[in-house]
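Order of the sequence lines sets the chain letters (A, B, ...), proteins ahead of strands, with each chain counted from 1. Atom set for the values below is all heavy atoms of this structure, side chains included, hydrogens, waters and symmetry mates excluded.
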Amino acid sequence: MRKNPDSPIRQPLAVIGVTILTIWILIAIFAPLIAPSNPIAQNYGQLLPPNSHNWFGTDSVGRDVLSRVIYGARITLPLSMMLVILAMLVGTVIGAIAGYFGGWIDAALMRFTDVVLAFPGIILAMAVAAALGAELRNAVFAVVLVAWPTYARLVRGLILSSKNADYVTSSRLLGASTTRALFVDLRPNISGPVFVLAALEAGNGMLLLSGLSFLGLGARPPSAEWGAMVSAGANNFDKWWLAVFPGLAILTAVLAFNFLGDALRDILDPRTAKALRE
Amino acid sequence: TSSSAASGRVLVIDSEFNHKTLDPQREFEDGGNMMDRAIYDTLLTFKGNDASKPVPSIALSYNSNADSTVYTFHLRKAARFSDGTPLTSADVVYSYGRLKNIQGNPSSLMAGLTATAPDKYTVIITADQPDTAVPVKVAGPEFGIVNSKMVAAHGGYALVGADTKDKAENFLNTTSAGSGPYMLSKFSLTTEVDLIANPKYWGKQPAYSKIVIRNVTQAVQALDVQKGVANIALDLSPKQTDSLSGVNVTAGVSTTVWFLYSNANPTISSVTSDPNFQSAVRYALNYSDLTAFAGKGSIQAAGIIPSAFQGSLKPADATKQNIALAKADLAKTAYKGEPIGLRYWGGGAWEGISFDDFATVISSQLAAVGINLKLEPTPVGDALTTYRNGTDTMGLWFWGPDWPDSSNYSQNFGPGKKVGLRAGWAASAAPEITKLINAVAIESDPKKRAAQYRQFQLDLNANSPFIPLIQSPAILVSTKSVIGIATNPIWKVNLTELK
Amino acid sequence: MKDLLARRSSSEKSGGLRGNSLSTFVIRRIAIGILLMLGITLISFSVTQLVPGDPAALNLGQSAMSDPTIVAAWRAKYGLDKPVPEQYIIYIDHLLHGDLGLSQQSRRPVSSDLAEYFPATLELATIAIFFSLIFGLLFGVIAAITRNRWPDQIIRFVTLTGVSVPTFWLSLVFFYLFYFKLSWFPSNGRLDPGTDAPSTITGMYTFDALFHGQFNLCWQAFRHLMLPAIVLAIYTIAVLTRFTRASILEILHNDYVRAARAKGLPESHVIRRHVLRPALLSIVTVAGVAFGNLLAGSVLVENVFSWPGIGQYAYRSSIGLDLPGIMGVSIVVAGIFIVMNLLVDIAYRFIDPSLRHG
Amino acid sequence: MTLLEVRDLSVQLQTKTGFATAVDRLSFTVNEGEILGIAGESGSGKTMTALTLLGLLPQHAKVSGSAKFNGQELIGLSSKEWQKFRGAQIAMVFQDPMTSLHPMLSIKAQMTEHMVTHLGISQQQALVDAEELLADVRIPDPKKALNSYAGQFSGGMRQRICIAMALACKPKLLLADEPSTALDVTVQAGILTLLNRLRKEHQLSIIFITHDLGVLSSITNKLLVLYAGREAESGSTSTILQLPRHPYTQGLLDSLPQPDSNEKLLKSIAGFPPELGKQPIGCAFAERCKFAAATCSGDELLPTYLADSHKFICAVDPFAGLSINQVRP
Amino acid sequence: MNQAQPILQLNNVSVTYKRADRTKITAVSGVDLTLNRGEILGLVGESGCGKSTLGKAAVGILPTSAGEITFNGKAVAPLNSSVRSRELLKLQLIFQDPYSSLNPRRKIGDQLIDGLLNSGVNAEEARESSAKLLERVGLSRTTLTKYTHQFSGGQRQRIAIARALTLQPEVIIADEPISALDASAQAQVANLLVELVQELGMSMIFISHDLSVVRQISDRTAVMYLGKMVEVANTLEIWDDPRHPYTKALIKAIPRPDGKGSMPLELPGDVPDPRLPPSGCRFHPRCPVAIAECSVMEPKMAPAADRWSSCLLNNELRKVGS
Ligand SMILES: Nc1ncnc2c1ncn2[C@@H]1O[C@H](COP(=O)(O)OP(=O)(O)OP(=O)(O)O)[C@@H](O)[C@H]1O
Ligand SMILES: Nc1ncnc2c1ncn2[C@@H]1O[C@H](COP(=O)(O)OP(=O)(O)OP(=O)(O)O)[C@@H](O)[C@H]1O
Ligand SMILES: [Mg+2]
Ligand SMILES: [Mg+2]
């Protein structure tokens, strides 16, 4: 008996997630209008604690931290999106090829995926980012490099599990080529989980990216990237406002993605949700 | 493992480690200098924050010939190594030979010098060319005197070929083979170095029986010293110190000179090699804002030679901001506002000054006269590579002296010299300056030398790729219990002087 | 949490476990592990070839760099003067002899560097996984039992926050609060300044001190461990909580749980025997992977806490373009990860009777 | 003697759109040693009725009415009190033997855990008893079976183990929810034979739930036909199967393959049962009933009582007064 | 049955599965079966005896390891990566599970028109004819724009049937199409299939483990045991006069809803592991009338006869065998 009566869709989280994300996106778009001052204007004064003029205080070269956090959204959000899309594309293509062709192609691709997965992610990303040179572009590349296997695994799994599904066989019996059957029948089954995974991964990607920036392997000052801003704060513990506000910015943005992804996963039917968890 | 430290006072120092070894003939960073200074004695040394007047240490006296090519040192007879062996001229010759032949980072200090020992307590240093810097050089911890028998017994080698045959580094990282007031009791490149008082020290016992030097980030240093967990914090910047409470702040000016260069090689950039452009940059900068940015203790670098050394320029000689002049000079160039790359050590900081922040400040100042910089923060390895290859259009760097003498600058910042080449400044570029450099090298009269150094710097300020910016502040933060603390550009702080 | 599980390679899924005898299974898994290790060396080697900068420039001083014979000698010492494929083959050859090369930064064998730093990370990760398991299981069980009621909602919110918080930032915040402001925990480092480490057995100070009966020292080491371990554990606690909740709920849906209830067993008995036991099985597998992740994930935490572990070592190696160092860390961490997976799979076979008898 | 007396039992379940009535004012009794069959299409509330009698309804379900077991009211018991009944007095066998045994616990553990709890006997004693029970349900080599796991048995064997497990604490009432539906006919016959024998030997009362009237015919004394959560007809098995009065019972019987018919087609009931929560007022079957009249949608339909406690609820009663041959030619 | 014209023929067909642990199972071994034009053939047997395997092999989903299958005289090519040939599109399968045979994430309409689009019909026409088919199976045309989760098991099975019918097949193999349904839905779906077969002039193999349904709707009945065919005959003959002891046991196990309280008869023992089939007659370990010979001699079928059973005790077979 297939009944799924008690899985009320917990929408509130999704709503919160979407709301926070929307706010951040609006902030990013309208940063020049919202920010109280130029994020790179300096006054060489002291590091000022939050005050009525600089709500989030100022940094070591006298820039307004609030304005920098606001402008930071223009760096972090688009990059996280880009990173997720790239990882999703690469992973999906590789997973699809592996799942579709099977045999030695599958074996080879999956071994390769396994190797990347067995590689400690942050260490690989760190090594790649350092080797290519500390630049945001390279950090994004490094994160994509460690992020794609998750998608490849998911997509391959989904294809394999539905490749022999009765409804695919039915399509084949009705004269569909393997490719068409897989494309028409599996695309809708794959896109849902992949997008949910993307929502969940966006948060992880953002964390990894800002982590690299924190270590000085990603964005570099004067860029107002949040991770880099936290690292500036890390040099001045007493000036807590330097690290706290950009850190909260990262936290809320990642949280929004995770809320969204988590709620979406619940909406998916249990079987694909399980595939996602694995 | 060490004996218990319970018998005496313990001093805890927070430092951002940069030593790579404690083998005195290999060590080249100031963090290691501080430790080696406490473990190894040198013929001469410096007192307090003065790094220009050598005073007696193992050598009670010395003299030189008229053209500064032969120096004779007379050693004290009471000096003993920590194992009790007497220190003799043979140990000095061995150590210096080792320094020269290992061909490690500091071996260039021995270039052109030869040490000999006519008797047990006399050492003669002969220079191929006149070298007035020998007394200050031998005060450097690289010239630390090691127990030659002990080191030789543990793989040490001091003759030609030592670069492959010397195997004593690891030994020297675990055991002290020196005659200084402290001995090494724990070694690490990353966590903690412990020194304990040398019970057989030939001089007066130091005030602390144990010194713990821990690798701690700047930010944490500020917390530790306030909580009294550490007695001294070595790496705080002026901005980090202004909100500290309950601590002593010893501020001085360091001998580190920060400078900007604008590549003089036309094949690298037709813009930056234009003297008018270089001049525009020079006058566009607001030097008082730069020192304000660097914080208390920092001063404008009037010339490339830091204020502590012979022949340094007076503040009055320093370049002053002149926007009109800068704009006029810029107008004479073909520059159209295209972005000019400025390379620096991304994420790097030195003496509390962050490269990133510094570059940000400079770029916004230059932007005011219409010079548009493209900041190129680069990991230190890559940045050093392109810097040393002379391929960067502009660069922001600092120079700390290899030995505390003005000759270190004239020998590096001239046309065709090491740093000159990095800035694309060919040997043929400025014949008068080259002539001046050659003259000062053999001048033995200190007064005349000083005048020549000043002229050298004025020439650089008038026409060279180099733009001296600031001397960074030297700050030591300590708990109230620490007495006798002084900043020193060679070894940050002389541990043996602390009370 | 999917990325945790994703790191379990496909061949390790339980499907592949059935049928074969234990020895063929173990042999096959070891063979795959070796293959993976080879892949790891290849990838890390390729990464180090990306480097545009000059490692020699970084590791030699300014004046030494200007002397071409010194530079050439340095390159020869690290084998950098040979063609790339040959460098790789030489590396593998050395690796097979247990030689990970010389670190260009510390100028010591990478293996002795790792031997020094690895125990610190291992100790940190061990305590962290310990915290994670205790709290992850506890919260997970509570959340599952109170499904969709307020305790579950709170736990859900907290764990989502836990997986969203940037570790490096949390480290800063915790350190400032709990060390500086509240003085609950000691400052950086593994021991108080000037304290001598217990003589080495495992290199993990708490265990070594305990072994030597130095209880004060053990306590001191533990206090130093606590704060970084807590920060490090937070992500894993969150992940394990969510995973535990999900697996328990999945099991609660099974008919056999209803059947157990229908037998009139006390609810606590049903949860313990019929639900937790199978749930533990899957949690064990995740915990194994999580442990591997903790080892690697310590990079950011170690950086803030100046913890002298392999995370710091990896970071310094990356920054300093120390190729042997990077490769050494990667190979060791990946190797542990692969071994962990192998152990988990074997453990799985032992724990699950239906696999043993099936 | 009456063992179980159910009066006006209703169950409401939470759905996305609110509470919906899954079981609607059911009343029935089960005497000692009697087998009551509950029949009905999928979704008619059979399982919910059984679960109510064990207090195992989904969390948010609302129950009203009364169910007296040996004179003791079951509805409203606390979970502690339920535990005393479950397994000990009332036991249940579930539909799918493949999923109702725990895959990771040995048969031994699953057989004995509730014996120890309910009977207060030692583990050793429980093991001895368990072996006997397995032999009783005809499991070959019971000793070996005790040390095995569910995965090592076929579906029929598992169902026998489930039955042995249900009987371990000598309950008075056994709820069998489609215990043979998932099995082959040959195996099903074995299970039916077994239950029939156990009923006689243990003086067991059974509520046997299935949609297969054939199965009910062979094993039950009494029958309760449900439609959309409501009673359609009840009475003794032979009466109902031979002379059903409710058009739904009639339809169900007709839709079974007829052993002697030469007709190619089966006689099916047109249409589909109403969804949960969408049962119409009046007769829920009216929209599929070929005899439906205006009176069928009256709000309170009264049951008709016949001899032999035969009862049905139909406003039209199209088969009134007909003989068996006329109803089922 | 006057002059039977075979449309689907299976000659000596075996199908082997490879398990993950590399052991082999011969799920169907040496089966001969003929489906005649316009006929409904019932295929019955206990769970795991190979009914589905046979059905899937017959339409080409599973490759055979021996024997041959012909449809309309042409060999049925196993399904590989290329598109199925046009003739084979007339041979369709309906799956047992109405939940897995439709894609939960695609609109029903899109799934229905697939087959038509593949064979070149334009989308408009395809939609129209799909709507008609839906109406024929008793569902409204609004079904086209819905998803499967909005339907009950019986309704889904109707949709699956409609889907299989889009290309006007000549032969339908229905793999337990009604087992997952309850009594009244079973009758509805079985009726629907019979009506459609008659209306559209199709032939059908109706796989079921419920002998009583098969008895009512099929013309001939084939009984399988552990991968082998044990008896094939006209349905009424089999019902009235089963010759194989296994067929007899199957019939006796059917409960009768006559209200007389008669117990069905049990067939003791389980179906053996197909990896290690018993020697001789595969049924002998469970056979109530087995004799010593049964465990060594494998009974042979007489494929030519229109009524055959493979039992050593069967007189006719003995005659053929001796
Ligand atoms: N946990 C639940 N929450 C809400 N509704 C439920 C739940 N379980 C079952 N239902 C619904 O309650 C109604 C009665 O279900 P029940 O399981 O009693 O039917 P049944 O007669 O046993 O059917 P079947 O023959 O399919 O087992 C159905 O409509 C079903 O969808
Ligand atoms: N994909 C497969 N791989 C391995 N063995 C299989 C596979 N599918 C079926 N089998 C085995 O082949 C045998 C026949 O299976 P099949 O599904 O044909 O039986 P069936 O008669 O259709 O049974 P049911 O009535 O349960 O549907 C069984 O023993 C089964 O375990
Ligand atoms: Mg039910
Ligand atoms: Mg089947």
Aromatic plane relationship, E/Tyr147 with E/His149 - under 30° parallel, 30 to 60° tilted, over 60° perpendicular: parallel
Parallel, tilted or perpendicular: rings of E/Phe283 and E/Tyr225 (30°, 60°): perpendicular
Among [options], which residue forms the greatest number of heavy-atom pairs with chain D at distances under 4.5 Å?
options                                : value
E/Gly45, E/Gly138, E/Gly269, E/Ser218  : E/Ser218
E/Val214, E/Ile254, E/Val213, E/Leu250 : E/Val213
E/Arg158, E/Lys252, E/Gln186           : E/Arg158
E/Ser262, E/Pro268, E/Ala187           : E/Ala187

Side chains of [Y] and [X]: any donor to acceptor distance under 3.5 Å?
X        : Y        : value
E/Ser212 : E/Asp210 : yes
E/Tyr99  : E/Gln157 : no
D/Ser234 : D/Glu231 : yes

D/Asn196 portion near chain E, given a 4.5 angstrom heavy-atom threshold: side chain
Part of D/Ala270 within contact of chain E (heavy atom distance under 4.5 Å): backbone
D/Glu275 atom CD: more than 12 heavy-atom contacts under 6.0 Å: no
Residues, nucleotides or ligands: over 12 heavy atoms within 6.0 Å of D/Arg138 CZ: no
Lys/Arg-Asp/Glu bridge criterion (N-O < 4.0 Å) met for E/Glu266, E/Arg286: no
When D/Ile240, D/Thr181, D/Asp184, D/Leu252 are compared by non-hydrogen pairs under 4.5 Å with chain E, the top option: D/Asp184
Does any backbone or side-chain atom of [X] lie under 4.5 Å from a heavy atom of chain D? Answer side chain, backbone, both or neither.
X        : value
E/Ile217 : both
E/Ser184 : both
E/Leu181 : backbone
E/Ser179 : neither
E/Arg215 : side chain

